[in-house]
Amino acid sequence: MKNANTTVKNNFRVIEGNNRQSADGGELQKLPVMKSIKEMVELTGFSYMHLRNLCLENKIVHIRAGKKYLINYDRFCDYLNGVGQ
């Protein structure tokens with residue numbers, strides 16, 4: 001990777017830098033921040049059942065990983081702000 005600083009933290013190599021590049025030289029997109037419903041309850045103050053119902057009704061962007069629902073944090077903020085409605 002070009003233009004990336006690497007450091008070692010807790011025996012893991014961490015790549016720092018905003019410009020990630022793919023193998024063909026194109027720039028990669030930022031990975032989405034995915035939070036479990038329990039994490040979202042702590043961050044937002046919404047109830048667990050309300051967030052779960054939003055997932056079941058497909059009103060917010062989420063994925064299922066086994067039994068867990070993972071909510072896209074950035075798209076959830078957009079949902080709260082009324083973006084894309």
Side-chain angles (χ1 to χ4, degrees):
M1 287 188 184
K2 296 179 183 177
N3 300 330
N5 299 326
T6 59
T7 59
V8 177
K9 295 180 182 177
N10 296 329
N11 295 327
F12 292 104
R13 182 179 295 161
V14 178
I15 300 173
E16 298 173 347
N18 295 336
N19 298 333
R20 298 184 327 146
Q21 294 183 350
S22 64
D24 64 354
E27 196 165 318
L28 294 176
Q29 291 182 346
K30 183 178 93 169
L31 293 175
V33 177
M34 305 299 284
K35 304 279 186 185
S36 69
I37 293 178
K38 288 183 180 180
E39 291 173 321
M40 291 297 285
V41 166
E42 293 173 8
L43 287 171
T44 63
F46 284 97
S47 72
Y48 183 91
M49 287 306 295
H50 181 67
L51 290 170
R52 184 175 178 274
N53 286 336
L54 289 174
C55 291
L56 292 174
E57 296 168 4
N58 287 324
K59 291 188 176 181
I60 57 176
V61 178
H62 70 282
I63 60 169
R64 279 193 66 186
K67 291 183 179 182
K68 263 189 182 174
Y69 288 92
L70 298 175
I71 300 170
N72 185 320
Y73 182 74
D74 296 327
R75 298 292 78 78
F76 183 73
C77 292
D78 291 344
Y79 170 79
L80 292 177
N81 290 321
V83 176
Q85 291 184 1

Peer 1: Go through the structure and list residues passing side chain to side chain donor-acceptor pair (under 3.5 Å) with Glu57, not counting sequence neighbours.
Peer 2: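 Here the qualifying residues are Lys59.
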Peer 1: Establish whether Leu31 and Met34 are linked, either directly or via other cluster members, by ILVMFWY side-chain heavy-atom contacts under 4.5 Å.
Peer 2: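 In one cluster: no.
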Peer 1: If hydrophobic clusters are built from ILVMFWY residues whose side chains come within less than 4.5 Å, do Phe46 and Val41 share one?
Peer 2: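 Yes, Phe46 and Val41 fall within the same hydrophobic cluster.
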Peer 1: In Å and rounded to the nearest 0.5 Å, what is the NZ to SG distance from Lys68 to Cys55?
Peer 2: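 If I round to the nearest 0.5 Å, the distance is 13.0 Å.
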Peer 1: Answer yes or no: is there a side-chain heavy-atom contact under 4.5 Å between Thr44 and His50?
Peer 2: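 No. Closest side-chain heavy atoms not under 4.5 Å.
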Peer 1: Hydrophobic clustering (ILVMFWY, side-chain heavy atoms < 4.5 Å, transitive) - are Leu56 and Met40 grouped together?
Peer 2: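 Same cluster.
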Peer 1: Just how far is it from atom CZ of Arg64 to atom CG of Leu70, taken to the nearest 0.5 Å?
Peer 2: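 One gets 10.5 Å once the value is rounded to the nearest 0.5 Å.
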Peer 1: Quick check on the hydrophobic clustering: are Ile37 and Tyr79 connected, directly or via other members, by side-chain heavy-atom contacts under 4.5 Å?
Peer 2: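 Cluster IDs for Ile37 and Tyr79 match.
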Peer 1: Please name all residues satisfying ring-ring contact (aromatic ring centres under 6.0 Å, His included) with Tyr69, sequence neighbours left out, ordered by chain then number.
Peer 2: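 Applying ring-ring contact (aromatic ring centres under 6.0 Å, His included) to Tyr69 gives His62.
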Peer 1: Do Ile60 and Leu80 belong together in a cluster built from hydrophobic side chains that touch within less than 4.5 Å?
Peer 2: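 Looking at the clustering, Leu80 is in the same group as Ile60.
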Peer 1: Looking at Leu54, Leu43, Val61, which one forms a side-chain contact (heavy atoms from CB on, under 4.5 Å) with Phe76?
Peer 2: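 Only one of Leu54, Leu43, Val61 forms a side-chain contact (heavy atoms from CB on, under 4.5 Å) with Phe76, namely Leu54.
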Peer 1: Not counting sequence neighbours, which residues clear side chain to side chain donor-acceptor pair (under 3.5 Å) with Lys67? List them please.
Peer 2: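 Applying side chain to side chain donor-acceptor pair (under 3.5 Å) to Lys67 gives none.
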